[in-house]
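Inspection log for the structure reproduced underneath, given as structure tokens.
Numbers here are sequence positions counted from 1.
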Amino acid sequence: MCGIIGYTGEKTATPILINGLKSLEYRGYDSAGIALLENKKFSVIKSKGELKNLIKKTEKENSVSSVGIGHTRWATHGKPDETNAHPHTSSDEMFTVVHNGIIENASVIKKELEKKGFSFASETDTEVIPQLLSYHYDGNISSTMQKAFSSFDGSFAVAFLCRDFPDTIFAARRQSPLIIGRGENESVVASDTCALSENIQEFTCLEDDEFAIIEKGKIEIFSSGLKPINKKFRKIESVAEKHDKCGFEHFMLKEIFEQPEKIKNLLKGKIRNKKVFIDEIAELSLEIIKAEKIYIVGCGSAYHAALAGKFAIEELCGVPVEVDIASEFRYRNPPVKENTPVIVISQSGETADSVAALRLANSKGAFVIGIVNVPGSTIANESDYVIATKAGREVAVATTKGYITQVMALYLFALHIADIRKTIPDRAIEIYTEELCRIPDKISEILSDTSVVENLAEKYYNKNDIFFIGRNTDFAAASEASLKLKEISYINCSAFPAGELKHGTIALIDKGTPVVALCANERLFKKTLSNIEEVVSRGGEILCVTRKNKIISEKYLSIEIPNCSDLFVPILEIIPMQLFSYFIAKKKGCNIDMPKNLAKSVTVE
Ligand code: M6R
């Protein structure tokens, strides 16, 4: 993870770097730092914690330097303190570096350099980069880069300054994203286009093992063999979405309330003659549509979206779906046959494990369909076809609108394929399609009164452990509900298929143990009810998420959701659960939009 930025031009660099870092804070916020180059000297300012701490420090400085680099960190090696914050500088102060990724052989390189007399100040893997550059440096910067970067295993997006080149930023990349933007008399390097300043008109992406020499408005790119590469630059088309809470107290709440609109957005243009038709996959060959198996991979909430999608695809398309966590898929050599559809789901499109899963699938000849929110991201670029989820920029680390649009995209995919495979009658497709079109209104209905959930937060915010149970589609929602609550409130939460409790976990149920039972799936309602009774008879305290007017028992607390087909239950159940997490975290005084230890885009494995 981590976000990096660099600027060289004619303006004062500090405010540009800080603005860039603000946009990149979603990538990590354990510490932040900048380095400026002025009069052949570096001035490095670092700070522990969120960016606001660094901003305070920089306000006291009045450097007018017009070249610098910046970093916002998600710690991998070494605790999140000021010493380990980037930039890291070589002992001879010739190089200063910001890095996103992991140098896997850092300890070996460090030992070698220590033997040669180098001493290290931090616990990071990154520090070997400036030190190794300094070790190889003989005045020829290109060959120095080539020697240093060919020694590293692992992943890196790096921007660095060299004292001998007062107006220049150098960059290198392997596996971690890095883009370079060009304007009139200024250039920017960054982890993401959202960090480019407004005067940058065009950008290009650095590819694996390429180097760049970046000067004011002039960019040279080389292969690892130092051959110049003529890269295509793309115009920056749209101004980044407004980074504004629009009156909401947190981005997470704002994004929860955006969900009906985002789903409408996604549905737009996809309903024809009462059926679903997705243009982005209009050209899928029959071989792929009629495949005997479909894989879906993703991480975190994207994996939970896949769980929800599996039920819809299996039921509507009559094809087995294997759902996998990307970090497992990538290392288990799955027997994916040629032309088998592999759906890779990712909000950011940059999650390292999901990118690796995609590449593995590609290498096996699979047909990759990306379900991605961020256009131009690695997964969007490397998939054979992309279904864009159109959720817009998601700022809160805990995904809400990102997740829900993934689930909706999978439902739409299921109906599109079912129609071509003719696995269910036309009339059934029409009924399901009509139902999907009503989902935004049903979500709005849930959001129209949040008081029940807010009051419940009062009762739950001081619990240490909360269990979530559900069967089938309810379990998919329970998994996401549990992750949502734990990541922003730090309460220990876990989700189980309701029928699985008795195989061990029920041993943990005691008097007063809170159990949230998702039981809106009508077909399995009675089965889940039996599991609820088993919990209650052991003293567990139940909170049900159930269909409107479904009387379970006066004894249990409950949250109601509007009626819908069992298949689509997760998309509605998750709304009150997002609010439940939000209000609990708020009551606990947690940092809701930037929970501890997390980052929005997980670009390390
Ligand atoms: O960007 P991606 O969808 O690939 O991200 C996957 C997970 O890291 C992400 O869903 C994560 O679990 C969220 N923080 C959950 O709210």
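Residues E445 and K548 are paired through a salt bridge, judged by an N-O separation under 4.0 Å between the basic side chain and the carboxylate. Salt bridge status for K401 with E258: present, with a side-chain N to carboxylate O gap under 4.0 Å. Checked for salt-bridge contact, E394 and K600 meet the test: a charged N lies under 4.0 Å from a carboxylate O. Note on K275 versus E430: no salt bridge recorded, every NZ/NE/NH1/NH2 to OD/OE distance being 4.0 Å or above. A salt bridge is absent between K79 and D30: the closest approach of a Lys/Arg side-chain nitrogen to an acidic carboxylate oxygen does not fall below 4.0 angstrom. Salt-bridge check for E315 with K310: failed, with every basic side-chain N at 4.0 Å or more from each acidic carboxylate O. With salt bridges taken as basic N to acidic carboxylate O contacts below 4.0 Å, none links D474 and K527. Ionic pairing of K484 and E487 is present here: one or more N-O contacts between side-chain nitrogen and carboxylate oxygen are shorter than 4.0 angstrom. Using a 4.0 Å cut-off between a side-chain N of Lys or Arg and a carboxylate O of Asp or Glu, D566 and R547 qualify as a salt bridge. Salt bridge annotation for K587-E458: present, with a cationic side-chain nitrogen under 4.0 angstrom from a carboxylate oxygen. Between D353 and R330 a salt bridge is recorded (basic side-chain N to carboxylate O distance below 4.0 Å). We find that D81 and K48 are not joined by a salt bridge, their nearest charged nitrogen and carboxylate oxygen being 4.0 Å or further apart. E435 and R438 are not joined by a salt bridge, as no carboxylate oxygen comes within less than 4.0 angstrom of a charged side-chain nitrogen.
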Would R359 and E382 satisfy salt bridge (charged side-chain N to carboxylate O under 4.0 Å, His left out), going step by step from the backbone distance to the final call? CA-CA 8 Å; R359 290 181 180 158; E382 295 188 17; 2.7 Å; yes
Begin from the C-alpha positions of D192 and Y26 and carry the test side-chain hydrogen bond (donor to acceptor under 3.5 Å, both in side chains) through to its verdict. CA-CA 11 Å; D192 186 340; Y26 74 90; 2.4 Å; yes
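At a threshold of 4.5 Å between non-hydrogen side-chain atoms, the residues V535 and T513 do not count as touching. Residues Y411 and P570 meet the side-chain proximity criterion, which asks for heavy atoms closer than 4.5 Å. At a threshold of 4.5 Å between non-hydrogen side-chain atoms, the residues I575 and L447 count as touching. Looking at I345 and V297, their side chains never come closer than 4.5 Å, going by heavy atoms from C-beta outward. With contacts defined as side-chain heavy-atom distances shorter than 4.5 Å, the pair L543/V515 does not qualify. Side-chain contact check for V407 versus E480: every heavy-atom pair is 4.5 Å or farther apart. The side-chain heavy atoms of T72 and L51, taken from C-beta on, include no pair separated by under 4.5 Å. The shortest side-chain heavy-atom distance between D441 and P260 does not fall under the 4.5 Å cut-off.
Using modelled atom types, no side-chain atom of S565 and backbone atom of L567 make a donor-acceptor pair closer than 3.5 Å. Distance alone, capped at 3.5 Å, is enough to place a donor-acceptor pair between the K442 side chain and the N563 backbone. A donor-acceptor pair is defined here as one N or O able to donate and one able to accept, closer than 3.5 Å; such a pair exists between the side chain of T405 and the backbone of G402. Within the 3.5 Å criterion, the main-chain N or O of K596 finds a donor-acceptor partner in the side chain of Y490. Proximity of a side-chain donor or acceptor of E434 to a complementary backbone N or O of K274 within less than 3.5 Å is not detected. With N521 contributing its side chain and R523 its backbone, the two residues share a donor-acceptor pair below 3.5 Å. N265 places no side-chain N or O within donor-acceptor distance of the main-chain N or O of E261, the cut-off being under 3.5 Å. Judged by distance alone, with hydrogens and angles left aside, the side-chain atoms of E314 form a donor-acceptor pair with the main-chain N or O of V321 at under 3.5 Å. Between the side chain of R421 and the backbone N or O of C317 there is at least one donor-acceptor pair closer than 3.5 Å. At distances below 3.5 Å, not a single donor-acceptor pair connects side-chain atoms of E292 with backbone N or O atoms of V319.
Nearest approach of K245 to D593, heavy atoms of both residues: CE-OD2, 4.2 Å. Between S354 and C299, the shortest heavy-atom distance links the atoms OG-SG, 3.5 Å. Residue E50 comes nearest to M594 through the heavy atom pair OE1-CE, 3.3 Å, listed as atom of the first residue, atom of the second, then distance. Of all the heavy atoms in A195 and G20, the pair that sits closest is CB-O, 3.7 Å. Shortest non-hydrogen contact noted between G298 and Y303 is O-CB, 3.6 Å. Between T546 and S558, the closest heavy-atom pair is CG2-CB, 4.0 Å.
Inspection of the N373 and R393 side chains reveals no N or O donor paired with an N or O acceptor under 3.5 Å. Using modelled atom types and a 3.5 Å distance limit, the side chains of T378 and E350 yield a donor-acceptor pair. Residues T399 and Q347 bring no donor and acceptor atom of their side chains to less than 3.5 Å of each other.
The number of heavy atoms from other shown groups lying within 6.0 Å of NZ (K422) is above 12. N273 CG: 12 or fewer foreign heavy atoms inside a 6.0 Å radius. Counting heavy-atom neighbours within 6.0 Å of K502 NZ, excluding the residue itself, gives a total above 12.
Ring to ring, Y403 and H304 are not that close: their centroids are 6.0 angstrom or more apart. A centroid separation of 6.0 Å or more is found between the aromatic rings of F468 and F475. With ring centers used as reference points, Y461 lies 6.0 Å or more from F583. Between Y385 and F367, the ring center distance clears the sub-6.0 Å criterion.
Just one residue in the list I571, L436, V569 forms a side-chain contact (heavy atoms from CB on, under 4.5 Å) with C564, and that residue is V569. For the side-chain hydrogen bond (donor to acceptor under 3.5 Å, both in side chains) with D279, the qualifying choice from R272, H416, K270 is R272, the only one to do so.
Between F496 and F467, the two ring planes are tilted [angle within 30° to 60°].
Separating the CD1 atom in I278 from the CG atom in L412 is a distance of 5.0 Å, to the nearest 0.5 Å.
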